[in-house]
Amino acid sequence: MAHILHVDSSPRGERSISRTLTHEFINGWKATYPDDTVTYRDLGHDPVPLVTETWIAAAFSDPASYTPELAEAIRPSDELIDELLVADRYVFGVPMYNFTIPANFKAYIDQIVRAGRTF
């Protein structure tokens, strides 16, 4: 059995082409592999927090020395990374705005690309 992480980042709902494509892919996958599990994250409607100075301090500190403020700042990143690492496959729905990715997807990348955890 595979575990798929499905991430959509369009703020649009039913009119989103990227959402339509990822949902069609996941539905087709589940029809072929019904025992596989899918974790869904919707960055377009539930964005992740931006990196802050407190987040950076936590990312470059020993977790044993975290203050409550540092622990809270890095908690979303830890959750997102754990979610990413448990998955075997990834489906990302990312529209293009102004010749680049949406800010909410960039914020997601900033949260999951972390020294000592993902590289």
Side-chain angles (χ1 to χ4, degrees):
M1 285 192 301
H3 185 142
I4 301 168
L5 175 59
H6 173 192
V7 178
D8 278 327
S9 59
S10 175
R12 298 175 83 185
E14 294 177 11
R15 298 180 310 143
S16 168
I17 294 170
S18 63
R19 283 179 185 275
T20 299
L21 292 172
T22 61
H23 287 271
E24 285 179 7
F25 178 86
I26 291 295
N27 289 337
W29 185 275
K30 287 294 288 177
T32 305
Y33 305 100
D35 294 332
D36 288 0
T37 58
V38 177
T39 298
Y40 181 68
R41 180 162 295 276
D42 187 343
L43 303 175
H45 296 127
D46 188 20
V48 299
L50 299 175
V51 168
T52 63
E53 183 175 359
T54 307
W55 183 99
I56 293 167
F60 291 97
S61 297
D62 178 358
S65 69
Y66 284 172
T67 64
E69 181 183 28
L70 292 178
E72 182 57 28
I74 205 71
R75 183 189 51 75
S77 176
D78 285 335
E79 291 172 1
L80 293 167
I81 290 170
D82 291 344
E83 184 178 81
L84 181 80
L85 294 177
V86 75
D88 304 301
R89 292 172 173 81
Y90 311 96
V91 176
F92 295 107
V94 185
M96 180 181 285
Y97 299 141
N98 300 321
F99 306 109
T100 190
I101 62 174
N104 59 13
F105 192 72
K106 173 64 168 84
Y108 175 77
I109 292 169
D110 289 342
Q111 290 285 350
I112 63 170
V113 177
R114 203 167 100 207
R117 288 290 320 262
T118 53
F119 72 93

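Only this structure's heavy atoms are used, side chains among them; waters, hydrogens and symmetry mates stay out.
Judged purely by atom type and a 3.5 angstrom limit, T54 has no side-chain atom pairing as donor or acceptor with the backbone of L70. Side chain of R19 to main chain of D8: no donor-acceptor pair is present (N/O by atom type, distance under 3.5 Å, no hydrogens or angles). With Y90 contributing its side chain and V7 its backbone, the two residues share no donor-acceptor pair below 3.5 Å. No donor-acceptor pair closer than 3.5 Å links the side chain of S10 to the backbone N or O of P95. A distance-only check finds a donor-acceptor pair linking the side chain of Y66 to the backbone of A58 [under 3.5 Å].
Counting non-hydrogen atoms of other residues, nucleotides and ligands closer than 6.0 Å to CD of E79 gives a total above 12. Within 6.0 Å of OH on Y97 lie more than 12 heavy atoms contributed by other residues, nucleotides or ligands. For CG of L50, the number of neighbouring non-hydrogen atoms (other residues, nucleotides, ligands) closer than 6.0 Å is 12 at most.
Counting heavy atoms from C-beta outward, L43 and R41 have side chains that approach closer than 4.5 Å. The side-chain heavy atoms of F92 and S9, taken from C-beta on, include no pair separated by under 4.5 Å. By the 4.5 Å heavy-atom criterion applied to side chains, T37 and M1 are not counted as neighbours. The closest side-chain heavy-atom distance from K106 to T100 is not below 4.5 Å. V113 is listed as a side-chain neighbour of F119, based on a closest heavy-atom distance under 4.5 Å.
Heavy atoms only, all atoms of each residue included: Q111 and P76 are closest at OE1-C, 4.4 Å. The minimum heavy-atom distance between D36 and A2, with the atom names listed, is OD1-N, 2.8 Å. Across all their heavy atoms, S77 and W55 have their closest contact at CB-NE1, 3.4 Å. Between H45 and D42, the shortest heavy-atom distance links the atoms ND1-OD2, 2.9 Å. Across all their heavy atoms, P47 and N104 have their closest contact at CB-CB, 4.5 Å. Nearest heavy atom pair, residue T20 against residue E14, reads OG1-O, 4.2 Å.
Linking ILVMFWY residues whenever their side-chain heavy atoms come closer than 4.5 Å, directly or via other members, places I101 and L80 in the same cluster. Under the 4.5 Å side-chain contact rule for hydrophobic residues, I109 and V94 share a cluster. At a threshold of 4.5 Å between side-chain heavy atoms, the hydrophobic network of Ile, Leu, Val, Met, Phe, Trp and Tyr places L85 and V48 in one connected group. Cluster annotation: V51 is not connected to I112 through the hydrophobic network of ILVMFWY side chains, with a link wherever side-chain heavy atoms come within less than 4.5 Å. A single hydrophobic cluster is seen to contain both F25 and Y33, as judged by linkage of ILVMFWY side chains at heavy-atom distances under 4.5 Å, directly or through other members.
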Residue pair I17, R12: steps toward the side chain to side chain contact (heavy atoms under 4.5 Å, CB included) verdict:
CA-CA 9 Å; I17 294 170; R12 298 175 83 185; 5.7 Å; no
Stepwise, does the side chain to side chain contact (heavy atoms under 4.5 Å, CB included) test hold for Y108 with L84?
CA-CA 11 Å; Y108 175 77; L84 181 80; 4.0 Å; yes
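Note: I81 CD1 to R114 CZ = 4.5 Å, rounded to the nearest 0.5 Å.
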